[in-house]
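Along the sequence shown, residues carry numbers from 1. Counting starts at 1 for both ligands and their atoms, following the listed order. Note that this is a predicted model, so its numbers are computed, not measured.
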Amino acid sequence: MISRLRASFSSIVAAERGHARLSTLFYSSLFAEHPDFRGLFPPALDQLGHRMFRALQFVIDNLDDEERVLGFLAQLGRDHRKYGVEDRHYFAAVNSLLGAVQGAFTQAIWTPSLTTAWTELIDLILHTMADAAAADDLPATWGATVVDHERCLDDLAIVRLETDSPIPYGAGQYLSVQVPQRPRMWRYLSAAIPANPAGQLEFHVRRVSGGWVSPAIVNETRVGDRWLLGSPLGGLEVDRDCGLDVLMIGSGTGIAPLRAQVMEMAMRSHNPRVHLFVGGKYPCDLYDIETLWHLSLSNPWLTVVPVSEEDENPWWHTAPAPEAPPGLHQRLLGQPGRVVAQFGSWADRQIQISGSPAMIKTTLYALQRGGTPPHLIRHDPLI
Ligand SMILES: Cc1cc2nc3c(=O)[nH]c(=O)nc-3n(C[C@H](O)[C@H](O)[C@H](O)COP(=O)(O)OP(=O)(O)OC[C@H]3O[C@@H](n4cnc5c(N)ncnc54)[C@H](O)[C@@H]3O)c2cc1C
């Protein structure tokens, strides 16, 4: 059954604009049958459709790891409460999703066994999401106030908030965020510090050129803005029982969930060894390297290795690159994944990768090519 599901989904992935066709078919059928559902979603559906496709891809890719898939779907169900999605919406979506998969399928014949396999999978997805949402007694959303907005680079800001009540997220997790400048356009951001009883929260946000939300956060956020946050998602965490040391590779704002985890580890007395590679295109993209150097100076289990693809900052960035304190690793040159892979197979580590989807894919490829077994590697879903 798994191979049948994978083969049929690959045909959609391989088709030109297959992902867009799947999501268009899904939403048009859903809203045709239930016009009242339209008001739950933002006016532009492209991001939502893209995320739905990526979520399906994640489920299909991990079908042989039931625990991972069910955990992911449960988080997604809890997160969907922010839209006001309820049980009846899930059950109404079954036929639309099956019809969309069938309509986007590009191989010659859609067989009855495919109908059975997809019906079972869709049932599992929607039931797991609905059950997790119904069982969750935490709020669907949390309010938070911006208390600081620091523009570290022209296109990058650190935003600090205080939540109305503490959010119980784990270091390494990400949250859905809605900002007042872009109502109903939820985006995921990774928490850059561990949860704390004061409800302080920090996000590192890079402006994506042409994006809807990130330019508004970087350019327009003001102290006092009220943000809305959804329930925590993601499973990046250090396994303290497996006996393996840790390799973390982060690039750009992708360092946020890794930083939160090493900060949390710094509060404990015993930790596995951690090698943290911090990457960026230019030296200035290592905007938080000094915090990480400070952490490594007081925590001997932590080794921080800066990596940049270019040796010089771009001409418009005039501040000099920070120098590594004596005894710490000097900056290495290259794409982070390739630099890490040059050190060998890392087959004796638990590994986390965090960054843009392109960086994650390149790093995965470089590590696997260097002999690292894929089951040791974790990253957030590319959604
Ligand atoms: C698990 C997870 C955690 C995340 N954590 C963070 C974080 O801590 N900090 C942070 O800044 N961002 C983070 N992101 C990315 C963030 O959720 C948004 O996707 C990003 O800010 C762009 O949103 P936007 O509305 O500006 O662009 P959109 O309007 O959503 O997209 C506009 C265009 O830009 C493209 N695009 C989107 N993201 C990127 C990108 N990274 N690089 C290049 N092109 C892109 C889109 O495909 C689209 O074509 C995370 C994403 C995920 C899935």
Side-chain angles (χ1 to χ4, degrees), residues 17 19-20 23 41-58 68 71-72 75-76 78-79 82 149-161 169-194 201-221 227-237 248 250-261 263 278-281 285 287-288 352-363 378-383:
R17 298 193 46 75
H19 67 282
S23 55
F41 300 101
L45 288 171
D46 47 346
Q47 263 300 319
L48 212 59
H50 184 70
R51 257 189 246 156
M52 180 192 80
F53 184 81
R54 292 292 194 186
L56 259 182
Q57 174 89 67
F58 183 84
R68 200 158 180 217
F72 170 72
Q75 287 183 347
L76 211 56
R78 288 192 283 272
D79 181 51
K82 73 192 179 207
H149 179 261
E150 182 188 343
R151 192 90 171 244
C152 304
L153 299 172
D154 177 55
D155 64 349
L156 196 149
I158 294 184
V159 184
R160 298 187 178 91
L161 301 114
Y169 68 87
Q173 287 199 295
Y174 56 96
L175 302 157
S176 280
V177 166
Q178 183 189 232
V179 301
Q181 291 80 6
R182 296 288 181 271
R184 294 172 66 207
M185 291 189 165
W186 293 87
R187 294 292 184 269
Y188 293 130
L189 295 177
S190 302
I193 56 171
L201 193 51
E202 178 173 314
F203 294 119
H204 297 184
V205 186
R206 176 145 240 155
R207 184 177 64 213
V208 169
S209 156
W212 280 101
V213 178
S214 58
I217 296 179
V218 173
N219 302 342
E220 298 169 33
T221 296
W227 286 23
L228 213 52
L229 309 165
S231 77
L233 297 129
L236 283 186
E237 61 178 340
M248 293 176 168
S251 182
T253 55
I255 61 159
L258 312 179
R259 175 191 201 267
Q261 290 176 83
M263 284 182 158
V278 182
K281 183 160 170 55
D285 291 327
Y287 62 94
D288 196 42
Q352 297 183 17
I353 309 175
S354 178
S356 68
M359 174 270 178
I360 292 177
K361 281 183 197 154
T362 322
T363 307
R378 289 276 180 272
H379 58 81
D380 280 327
L382 307 175
I383 49 182

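- Under the 3.5 Å distance criterion, the side-chain polar atoms of Gln178 are matched with a main-chain donor or acceptor of Arg184.
- Closest of all the heavy-atom pairs between Pro180 and Trp227 is CD-CD1, 3.7 Å.
- Taking every heavy atom of Thr253 and a limit of under 4.0 angstrom, the matching atoms of ligand 1 come to 9 (N), 10 (C), 11 (O).
- Remark: ligand 1 atoms within the under-4.0 Å shell around heavy atoms of Val205 are 11 (O).
- Under 4.0 angstrom from ligand 1, the non-hydrogen atoms of Trp212 come from both its backbone and its side chain.
- At least one N or O atom of Arg187, backbone or side chain, sits closer than 3.5 Å to an N or O atom of ligand 1.
- Judged purely by atom type and a 3.5 angstrom limit, Glu202 has no side-chain atom pairing as donor or acceptor with the backbone of Arg160.
- Nearest heavy atoms, Lys82 versus Ser176: NZ-OG, 2.5 Å.
- Side-chain N or O atoms of Ser23 include one that pairs as donor or acceptor with a backbone N or O of Ala20 at under 3.5 Å.
- Proximity of His204 to ligand 1, defined as any heavy-atom pair under 4.0 Å, is confined to the backbone N, CA, C and O atoms.
- Among residues two or more places apart in sequence or in another chain, the side chain to side chain contact (heavy atoms under 4.5 Å, CB included) test is passed with Glu220 by Gln181, Arg182, Ala216.
- In terms of modelled atom types and a separation under 3.5 Å, the side chain of Thr253 and the main chain of Arg206 share no donor-acceptor contact.
- Listed by atom number, the atoms of ligand 1 under 4.0 Å from Gln47 heavy atoms are 28 (P), 30 (O), 31 (O).
- At least one N/O-N/O distance between Val213 and ligand 1 falls below 3.5 Å.
- Of the listed residues (Gln173, His50, Arg182, Arg206), the one carrying the non-hydrogen atom nearest atom 11 (O) of ligand 1 is Arg206.
- Residue contact check: Ser190 has heavy atoms under 4.0 Å from atoms 3 (C), 4 (C), 5 (N), 6 (C), 7 (C), 8 (O) of ligand 1.
- Ligand 1 has Pro215 within reach: a non-hydrogen atom of the residue lies less than 4.0 Å from it.
- Not counting sequence neighbours, the partners of His204 by the ring pair (Phe, Tyr, Trp, His ring centres under 6.0 Å) test are Tyr287.
- The shell of residues lying under 4.0 angstrom from ligand 1, judged by heavy atoms, includes Tyr174.
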